[in-house]
Amino acid sequence: MDRNTLWRLGTALPLVLSCIGLADCSGTNGTTTAALPPTAIAAKRYTAGGQLDASFSGGAVATKIDPSEFEYALAVALQSGKIIAAGHSVLAGQGVIALVRYNADGSLDTAFGSSGIVRTAVPSVNAVATAVVVQPGVPPAGDKILVAGSTFDPSTGTTGIVLARYDANGTLDASFAGGFVSAPIGPGTSVDNASLALQGDGSIVVAGATTAGDFVLRRYDSTGVPDPNFGTNGTVTTHVGTSAMGPAIALQSGKIVAAGASGSFASPPLNGVLVRYNTNGTPDMSFGSAGTGMVFTDTVPSSNNFANAVAVQTPGDKIVVAGHAFVDFAADTSDIILLRYNADGSPDTNFGTGGTGAVVANLGAFDNAFSVALQSTGEIVVSGNTGSGSTVNAAVVRFTAIGALDSTFGTGGIVTTSPAGPGTVASANAVLVQPDGSIVVAGYD
């Protein structure tokens, strides 16, 4: 997860038209005001070779909750063969968390929420789900569904993080702080992102960023109470630059790796940044630049490059990061970049192009990478979108274990899928690989 919602409408469309993110153009993360086609929460399933899987409702499904609003998924999880898409809808003009659960054949799971759909409002703020994880239960009816999201208060310009827990049937789990916990983290925007990781002892780590340049991590115990053994009263704040975006987080042998961006578009460069924390939230000074616990990556000096997703490959604890490179708004172009680092934060010279530890994929337009998933056979799957203006298609790209485009997948390692409606733009904002090797993406159509 998770990924920066700034880019989820694809291309420069949300920026050039002064529409930041999918939620709306007014900066409220609520009701859509732009004359853009309304989108639906969508899921697609591909075979291991990159073809749409006909056994999944023909390969693609779209769920429209409110006909007049932008709705979309930013995260996806697998629950006993069922697929949960988590993202955004609107209730009474307020942006809310939206969950949709599909059966293995792509039909809505009527045992979940109301006909397969759950919407949750967070009082006094607008909210969007940006990460989802399933806590397995015994039997599966005991599963819990953890959802992290970003919140925004338009009256103060304050962003925050919400963490909600649901029972397997979609009802809020009252034993978890009454169902959800929500708290501000600092100045931000309506398109901020929050990420989530579940530690082995049941502790839950969430992360977000502020426009003041901080990564903010919080850890809660299994009942939703802040962990006093993590940072200060459960919170860790790390200054990474003049502004910050992201971060996505992943666990690496118990440590926490956060991947996002440092800087701003207003004064480039915007650079990718990795920060590693010890289990108790202190910076891991053995990682990256001496004495900082950080790694900054500027693919091309003075250009905009940043990370949207992170995963850890084992064995070896390699850190895989997907994001953007060569972002140029004037030319309306951006490329997908995949990087791999060694466990200590140094570039993996056995990966990518020319021993750089990085590979760039140019799909021919404004290309966006939002999510990354690892296959058990070593391949790496990245999802996002590609296009320009109002022509935006979902994109899935697969790389080999050494960082080359996988010619056995799609066409030269790339699959693009045009929107099936009701919207006229499409995106694959989140990706997972099922045990049988099939690939599921969630986003919008």
Checklist entry - Can you name the nearest heavy-atom pair linking V295 to G288, along with the distance? => result CG2-CA, 3.4 Å

Next on the checklist: For Y102 and T63, which I'm curious about, is there any donor-acceptor pair between the side chains at under 3.5 Å?
Outcome noted: yes

Checklist entry - Do the side-chain N and O atoms of N393 and S418 include a donor-acceptor pair separated by under 3.5 angstrom? => result no

Item to check | For the student: nearest non-hydrogen atoms of V240 and S262, plus distance | outcome: O-OG, 2.6 Å

Checklist outcome for this item: Applying salt bridge (charged side-chain N to carboxylate O under 4.0 Å, His left out) to R45 and not counting sequence neighbours gives D53

Item to check | Side-chain donor-acceptor pair present, S150, D192, cut-off under 3.5 Å | outcome: no

Next on the checklist: Can you confirm whether the side chains of D332 and S388 place a donor and an acceptor under 3.5 Å from each other?
Outcome noted: yes

Checklist entry - Hey, does I337 have a side-chain heavy atom less than 4.5 Å from the side chain of F306? => result no

Next on the checklist: Name the residue from V397, L374, V431, V372 that meets the side chain to side chain contact (heavy atoms under 4.5 Å, CB included) definition with V381.
Outcome noted: V431

Checklist outcome for this item: For A258 and Y277 the tightest heavy-atom approach is CB-CE1, 4.1 Å

Item to check | Side-chain donor/acceptor of T424 to backbone N/O of T391, under 3.5 Å | outcome: no

Item to check | Qualifying residues under salt bridge (charged side-chain N to carboxylate O under 4.0 Å, His left out), relative to K255, sequence neighbours excluded | outcome: D284

Item to check | Non-hydrogen side-chain atoms of V321 and L274 separated by less than 4.5 Å | outcome: yes

Next on the checklist: Could you go through F152 and V125, starting from their C-alpha distance and side-chain angles, then the distance that decides it, and tell me whether this counts as side chain to side chain contact (heavy atoms under 4.5 Å, CB included)?
Outcome noted: CA-CA 6 Å; F152 183 68; V125 292; over 6 Å; no

Item to check | Gap between atom CG of D105 and atom CZ of F56 - 0.5 Å precision | outcome: 8.0 Å

Checklist entry - Distance from L363 atom CG to T416 atom OG1, nearest 0.5 Å? => result 7.5 Å

Checklist entry - When the ring planes of H324 and F366 are compared, do they come out parallel, tilted or perpendicular, using 30° and 60° as the limits? => result tilted

Checklist entry - What distance do K64 atom NZ and E69 atom CD have between them, rounded to the nearest 0.5 Å? => result 7.0 Å

Item to check | Side chain S334, main chain D367, donor-acceptor under 3.5 Å | outcome: yes

Checklist entry - Rounded to the nearest 0.5 Å, what separation is found between the NZ atom of K44 and the OG atom of S383? => result 10.5 Å

Checklist entry - Just wondering, do Y444 and N429 contact through their side chains at under 4.5 Å, heavy atoms? => result yes

Checklist entry - Are any non-hydrogen side-chain atoms of V320 and V310 less than 4.5 angstrom apart? => result no

Next on the checklist: Side chains of T377 and Q375 only: does a donor on one sit below 3.5 Å from an acceptor on the other?
Outcome noted: no

Item to check | Verdict with reasoning, N385 to S427, per side-chain hydrogen bond (donor to acceptor under 3.5 Å, both in side chains) | outcome: CA-CA 5 Å; N385 59 36; S427 185; 2.9 Å; yes

Next on the checklist: Is any side-chain heavy atom of I204 closer than 4.5 Å to one of L163?
Outcome noted: yes

Next on the checklist: If you define the side chain from C-beta out and look only at heavy atoms, does anything of F215 sit under 4.5 Å from I185?
Outcome noted: no

Next on the checklist: I'd like to check the salt bridge (charged side-chain N to carboxylate O under 4.0 Å, His left out) partners of D348; sequence neighbours left out, ordered by chain and number.
Outcome noted: K318, R340

Item to check | Student check: side-chain heavy atoms of Y341 and D317 closer than 4.5 Å | outcome: no

Next on the checklist: Working to the nearest 0.5 angstrom, can you tell me the gap between I41 CD1 and H88 NE2?
Outcome noted: 9.0 Å

Checklist entry - Taking the side chain from T39 and the backbone from E71, do they hold a donor-acceptor pair closer than 3.5 Å? => result yes

Item to check | Heavy-atom check, side chain of S182 versus side chain of I161, under 4.5 Å | outcome: no

Checklist outcome for this item: Between the CD1 atom in I249 and the OG atom in S195, the distance rounded to the nearest 0.5 Å is 4.0 Å

